[in-house]
Amino acid sequence: MNIWVVSREYAGIAEAGGVKNVACSLSESLAKAGHSVTLFIPLYGCTDLSSVSDFTCFFHRPVTITICGKEMTVSFSAGKMNGVNIVFIGNRAFSEKKAVYTYTREEESLNPCHCHGEGHEDAMFLNSLFQKTVAYYGTTCSKEEMPDIIHCQDAPAALVPVFVDYLKRTDRTMKSFYGNTKCLVTIHNAGPGYHHQFCSLQDAVDITSIPACYFEKAMNGTCCEPFLAAAACGASITTVSPEYALEILEGKTETAGLTEGFLRLNTGITGITNGIDTDRYDPCDTKKSLLPYPFSPEKMELEGKKKCLDYLLSHYASLASSKKQAVAGIEQYGYIRRKKNEDPVYIAFHGRIVSQKGISVLAKAADMLLQRKLSVKFIFIGQGQPDLERELLQVALKYEGDCVFFRGYDRALSRLCVAACNFAVFPSFFEPCGLEDFIAQVYGTVPIAHRTGGLNKIDNGRTGFLYDNNTPGVLIAKLSEIIMLKTLRPSQIARMIKSGAYSVHHEYLWKTVIQKKYLPFFKEILKNNKE
């Protein structure tokens, strides 16, 4: 098959959220399976070309498209990366951006109105320019380059099927070129702030410069939803786990209201759980894992895991390290003090510090458990909303010696924090799929999660722990139970460590997901398309 993957982010090229990992792993796995894969991505000012080979500045001919009522010329560059063909969309609107979706401190220093961390003020224009250009790339192609599948990653790419349909209806040549092409849009997150919706029907028409009839079936109140516009144009809609698909369609109590009304809308959604490239995190290979010592949870060779804890506590999480910046871009609050003859339970949280992740629930639960002086230490690492960062910061400073918060992001330190601990906690209010629970299992760290969305892939009692009702009280009870279990029945936890590592390595590899889920789905929608 000839497959086009459309994404505004991609691991190793332009990184932002979790979509980058899925887009990259999916593309590379499809290429390894023998398919022709082409990724379309903007050429930003922050684009990293160090891993891209055979880079060509001028590829195909430029196209002129109309966006916001104005004609704009867009060029194409190309390269290769791990078997995937890369087509870069070139325009000044992208090249002047220093990050994928938000302004940087550098941009804020040049223009105080562009506040660091805030989304680009021209985000909808950027999305539409990118998506319309991808569709018009077909006007520069030969018939041999015709895609069988165009797989669009999340809302910033969801309008590609709309622009393809518009081209097919207005250009006879494009009707032939895209005639047998099937479009697929994957929802990675339907939560508030992730829809990239137009504020009105007129806004959609004005920005995209295509007729209103393409958006009339996509209205959610006064807003116009890209996902629904894609579905109305015949695109198949998927999301990143079967459980999250059900939550979107059925509107479970705890997730109702978390999708900006999307739950009320009637469109078919297929859930396919994301995979993981365990090779990227392999704890047996320190060059890949970035950990100081190797170990193997699947073989229950865990001496290196214990050494990783010792390394973390002596090099990063100590009182001494709190007085200096051990890692660039990381601020440390609190520290961990090791007491003689003490063998506490270590619990980690690594992730974005945003309300979706249940940070307030975690902060209150950690505060209460530490107040009770249980044999437990907490290690937090991440960055995000300042008010939620402060909640974790306050716990770390209140219980110095038993809690540390690393504010910021560093890949090696983040992995070390997870790998060094006994458990990793995920009190998310909703979670489309989740990758951090997979990573924890790869490192022999047992996940503890709220039973929601993709976190349901944790096999309760075998590969991790799940709990219902995401409140501080329920999480306190669950963590207290697990702390006691670790102390009284360590053999049960050991079995879970081994089962969790085995499950990830043998059930959720990307190549397995590709062969068992994606390729059959691609073939089915292509078959239906021909019928």
Side-chain angles (χ1 to χ4, degrees), residues 3-8 19 22 124 127-128 130-132 134-135 147-169 178-192 194-201 203-205 207-208 210-251 255 258-272 432-433 517-518 521-531:
I3 301 165
W4 290 4
V5 177
V6 186
S7 179
R8 281 201 57 189
V19 175
V22 177
M124 297 307 295
N127 288 342
S128 298
F130 170 54
Q131 296 166 104
K132 197 168 187 176
V134 171
D148 296 298
I149 297 285
I150 302 179
H151 191 174
C152 309
Q153 306 299 322
D154 222 14
L159 286 181
V160 171
V162 177
F163 291 119
V164 166
D165 190 65
Y166 172 74
L167 262 180
K168 287 165 63 176
R169 294 175 184 271
Y178 285 124
N180 293 319
T181 299
K182 186 64 179 178
C183 292
L184 166 68
V185 176
T186 293
I187 300 173
H188 290 263
N189 195 328
Y194 291 94
H195 290 215
H196 292 255
Q197 68 267 57
F198 298 99
C199 62
S200 68
L201 176 61
D203 191 43
V205 173
I207 293 175
T208 64
I210 64 174
C213 59
Y214 285 93
F215 303 106
E216 289 170 347
K217 294 182 179 179
M219 301 307 294
N220 177 20
T222 60
C223 294
C224 179
E225 295 275 2
F227 292 131
L228 296 178
C233 286
S236 298
I237 308 296
T238 68
T239 191
V240 290
S241 69
E243 294 82 2
Y244 191 56
L246 288 174
E247 289 179 6
I248 291 175
L249 293 172
E250 297 179 359
T255 53
L258 295 177
T259 59
E260 297 181 318
F262 198 72
L263 292 168
R264 300 192 304 270
L265 305 170
N266 183 23
T267 185
I269 302 176
T270 299
I272 299 177
C433 181
K517 299 294 182 180
Y518 267 110
F521 186 72
F522 287 168
K523 291 175 183 177
E524 184 63 27
I525 61 177
L526 286 171
K527 176 183 174 183
N528 293 340
N529 195 44
K530 290 177 182 178
E531 292 175 352

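All values derive from a computational prediction rather than experimental measurement.
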Side chains of [X] and [Y]: closer than 4.5 Å at any heavy-atom pair?
X      : Y      : answer
Trp4   : Thr181 : no
Thr239 : Phe227 : no
Ile149 : Leu526 : yes
Val6   : Phe130 : yes
Ile150 : Leu184 : no
Asp148 : Asn180 : no
Cys183 : Ser236 : no
Val19  : Tyr194 : no

Write down the atom of [X], the atom of [Y], and the distance for their closest heavy-atom approach.
X      : Y      : value
His196 : Asn127 : ND1-ND2, 3.0 Å
Ser128 : Ile207 : OG-CG2, 3.4 Å
Leu201 : Met219 : N-CE, 3.8 Å
Ala212 : Val205 : CA-CG2, 3.5 Å
Gly191 : Asn189 : N-OD1, 2.7 Å
Leu159 : Pro226 : CD2-CA, 3.9 Å

Next on the checklist: Before you tell me yes or no, could you show the steps for Ile237 and Ile187 under side chain to side chain contact (heavy atoms under 4.5 Å, CB included), namely the whole-Å CA-CA distance, both residues' side-chain angles and the distance that decides it to 0.1 Å?
Outcome noted: CA-CA 7 Å; Ile237 308 296; Ile187 300 173; 3.7 Å; yes
Could you tell me the separation between the [atom1] atom of [X] and the [atom2] atom of [Y], rounded to the nearest 0.5 Å?
X      : Y      : atom1 : atom2 : value
Gln197 : Met124 : CD    : CE    : 7.5 Å
Lys182 : Lys527 : NZ    : NZ    : 14.0 Å
Cys224 : Glu216 : SG    : CD    : 10.0 Å
Glu225 : Phe198 : CD    : CZ    : 11.0 Å
Phe163 : Gln131 : CZ    : CD    : 6.0 Å
Glu243 : Cys433 : CD    : SG    : 9.0 Å

Next on the checklist: Let's go through Lys132 and Ile210 carefully: what are the C-alpha distance in whole Å and the side-chain angles of both, what is the deciding distance for side chain to side chain contact (heavy atoms under 4.5 Å, CB included) to 0.1 Å, and is it a yes or a no?
Outcome noted: CA-CA 10 Å; Lys132 197 168 187 176; Ile210 64 174; 3.9 Å; yes
Item to check | Residues Tyr518, His151; criterion ring pair (Phe, Tyr, Trp, His ring centres under 6.0 Å); working and verdict | outcome: CA-CA 11 Å; Tyr518 267 110; His151 191 174; 5.7 Å; yes
Checklist entry - For residues Thr186 and Thr238, is any side-chain donor paired with an opposing acceptor at under 3.5 Å? => result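 Yes, because at least one side-chain N or O of Thr186 sits under 3.5 Å from a partner of the opposite role on Thr238.
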Item to check | Ile269 and Tyr244: CA distance, side-chain angles, deciding distance, side chain to side chain contact (heavy atoms under 4.5 Å, CB included) verdict | outcome: CA-CA 10 Å; Ile269 302 176; Tyr244 191 56; over 6 Å; no
Next on the checklist: Going by ring pair (Phe, Tyr, Trp, His ring centres under 6.0 Å), name the residues that satisfy it together with Tyr214, two or more places apart in sequence or in a different chain.
Outcome noted: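 Counting only residues at least two positions away or on another chain, Tyr214 forms a ring pair (Phe, Tyr, Trp, His ring centres under 6.0 Å) with Tyr166.
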Next on the checklist: Test side chain to side chain contact (heavy atoms under 4.5 Å, CB included) on Ser200 and Thr222; report intermediate values, then the result.
Outcome noted: CA-CA 5 Å; Ser200 68; Thr222 60; 5.7 Å; no
Next on the checklist: Show every salt bridge (charged side-chain N to carboxylate O under 4.0 Å, His left out) that has at least one partner inside residues 157-166, sequence neighbours left out.
Outcome noted: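 Listed by first then second residue: Asp165-Arg169.
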